[in-house]
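Take a look at the structure set out below.
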Amino acid sequence: MTGFVVLAALLVVGALLFVLPPLIKGRCRSNVLRSQVNAAVYRDQMRELDADREAGTLAPEEYQKARAELEARVLQDVTADETADAAPARGRWTAIAAGVAVPILAVAFYALTGTPQALSPQLAGEGGGHEVTEQQIVDMVSRLAAKLKENPDDAEGWVMLGRSYSVLGRFPEAAQAYAQAAERIPNNAQLLADYADAAAMAQGRKLQGEPEKIIARALQADPGNVKALALAGSARFEQKDFAGAASHWEKILKLVPPDSEIAKGVESSVAEARQLAAGGSPPGPTTSAQSVPAAPAAAKGGGEGATVSGTVSLKPELKSKVGPDDIVFIYARAAEGPRVPLAVLRKPARELPVQFTLDDTMAMAPNMKLSAFPKVIVSARVSKSGNAQPQSGDLQGASGPIANAASGVDIVIDTEVQ
């Protein structure tokens, strides 16, 4: 804050040094110049009168009348000049008033329209409200929705809106936004997979019906799309076609790194489906439509611009406080700058530990993307309520400032929100 104040003071002083000298000197110089010009003009006019009288072209009475008028004008101008002698003093007082008023008005204007609290290290630093709030997200989503009403052909905007509604848990609206995007980008497998996911969540996590049709369109566009394969397997599992589920999921294992968290999750689900297909009992909890973790962006083919990836895990001592249906919000914000989220990801807590990838496609505002900020902070929070707004009893963890292209980022959820 001290550096800002010093810089502002220097700028004000510099501006006053530029403005005040002309204000003080200008009137004095103007008055002197005017007096000199007027005196020269009067002397010339007097010489002309004398010359006309000597030449006989001007009668004595006319000469006396003209001379009296000229002397009257001279007297009038002299009186005006004497009054104007006070102008330098007035100029000095004007300069003093400006010198005092300018900085006062500048400070008052900044206090009314600026953000003085941003100068406080206690508020701007790491401990100062870095939590993303639900209202921040809702406001950005509302602005995006309003823009799309004015420009409905913005396909990227519809994708962004669908993703944003999904983060907020507003799945019917998310499905509608994805439908708008799919009309404008008909053969994008990842978009269709996201659309199917939102449509399934909107009807109580059930993939039957319209979601399954959308999944088929996604696999037709790209048979190797990991998320579409995961959802297709889950749809088969819902219908107790366990062999069909295992067949879809096994294809995923050929597309993802063998030592990744997604591979481990898929292997477990395949084993469960194979055992059920053989008439046995499942080795663990029954797989649901959302049990197979969605692929990270790297497995999908990557996002745009900057990409941050890593793993979110839970401190062992806190596992008893997390339910399988709790929601994990993973989001990035600028290390220095606006506190609003640059990318947001929503995951079920039962997938912990979970691999994540945040990229520009997950932005919730067109001008607020990861690639716009070289350093970011990634946070993860287990929400007991499913809301983006932090509440007492939630669990959270965060990274330090990292590059917006960092990989292998480890985030441990180790703190309870009080």
Side-chain angles (χ1 to χ4, degrees), residues 166 171 175 178 187-301 309 311-313 323-325 328 345-357:
S166 294
F171 296 108
Y178 279 131
N187 296 314
N188 186 303
Q190 186 57 46
L191 167 58
L192 291 169
D194 291 339
Y195 177 15
D197 192 8
M201 295 296 289
Q203 59 180 32
R205 297 176 179 267
K206 301 298 181 182
L207 287 161
Q208 306 309 307
E210 188 63 24
E212 196 169 13
K213 294 177 182 179
I214 302 169
I215 294 168
R217 289 169 56 191
L219 290 175
Q220 184 177 7
D222 179 8
N225 183 273
V226 175
K227 184 170 184 177
L229 287 169
L231 293 173
S234 294
R236 294 292 91 203
F237 197 98
E238 276 185 11
Q239 299 174 25
K240 301 188 183 304
D241 179 6
F242 303 119
S247 176
H248 283 298
W249 291 338
E250 284 173 339
K251 294 176 183 178
I252 297 175
L253 295 175
K254 301 176 181 179
L255 300 171
V256 300
D259 58 346
S260 63
E261 290 294 331
I262 188 173
K264 295 175 183 177
V266 171
E267 287 172 352
S268 176
S269 296
V270 168
E272 179 183 352
R274 288 297 181 194
Q275 188 166 348
L276 288 169
S281 299
T286 302
T287 304
S288 71
Q290 302 299 315
S291 65
V292 177
K300 301 173 190 173
S309 60
T311 304
V312 174
S313 59
D325 294 327
V328 181
L345 185 61
R346 177 188 176 110
K347 290 283 187 179
R350 60 178 170 271
E351 293 185 9
L352 290 170
V354 61
Q355 288 188 327
F356 71 89
T357 298

Open item on the list: Taking the side chain as everything from C-beta on, heavy atoms only, tell me whether V256 gets closer than 4.5 Å to V266.
Closed with: no
- [ ] Please round to the nearest 0.5 Å and tell me the distance separating atom CG of D222 and atom CD of Q220.
- [x] 11.5 Å
TODO: Please check if the side chain of Q203 supplies one atom and the backbone of Q208 the other of a donor-acceptor pair under 3.5 Å.
DONE: yes
Open item on the list: On a heavy-atom basis, which atom in L219 and which in A228 lie closest, and how many Å separate them?
Closed with: CD2-CB, 3.6 Å
Task: NZ-CG distance between K254 and L229, expressed to the nearest 0.5 angstrom - done: 11.0 Å
Open item on the list: How close do W249 and A273 get, counting heavy atoms only, and between which atoms?
Closed with: CZ3-CB, 4.1 Å
- [ ] Please report the closest heavy-atom contact between G224 and L255, naming both atoms and the distance.
- [x] O-CD1, 3.2 Å
Task: Reported CG-to-CG distance for the pair D241 and L276, which is rounded to 0.5 angstrom - done: 11.5 Å
Task: Least distance between heavy atoms, P257 atom then A263 atom - done: O-CB, 3.3 Å
TODO: Only counting residues at least two apart or in another chain, list the ones meeting side-chain hydrogen bond (donor to acceptor under 3.5 Å, both in side chains) with E212.
DONE: R236, Q239
Task: Pairwise distance CD1(I215) to NZ(K227) - rounded to 0.5 angstrom - done: 10.0 Å
Task: Heavy-atom closest pair, residues A175 and A198 - done: N-CB, 4.0 Å
Open item on the list: Under a 4.0 Å threshold between the charged nitrogen and the carboxylate oxygen, would R274 count as salt-bridged to E250?
Closed with: yes
- [ ] Enter the distance from N225:CG to I252:CD1 here, rounded to the nearest 0.5 Å.
- [x] 9.5 Å
Open item on the list: Taking side chain to side chain contact (heavy atoms under 4.5 Å, CB included) as the definition, give me every residue that meets it alongside A216, ordered by chain and number, with sequence neighbours left out.
Closed with: none
TODO: Taking all heavy atoms of A349 and all of V328, pick out the closest pair and write down the distance.
DONE: CA-CG2, 3.7 Å
Task: Flag, side chain of S247 to backbone of A243, donor-acceptor distance under 3.5 Å - done: no
TODO: Give, for atom CG of L352 and atom CZ of R350, the distance between the pair rounded to the nearest 0.5 Å.
DONE: 11.0 Å
Open item on the list: Please enumerate all residues that pass ring pair (Phe, Tyr, Trp, His ring centres under 6.0 Å) together with F242, with sequence neighbours excluded.
Closed with: F237
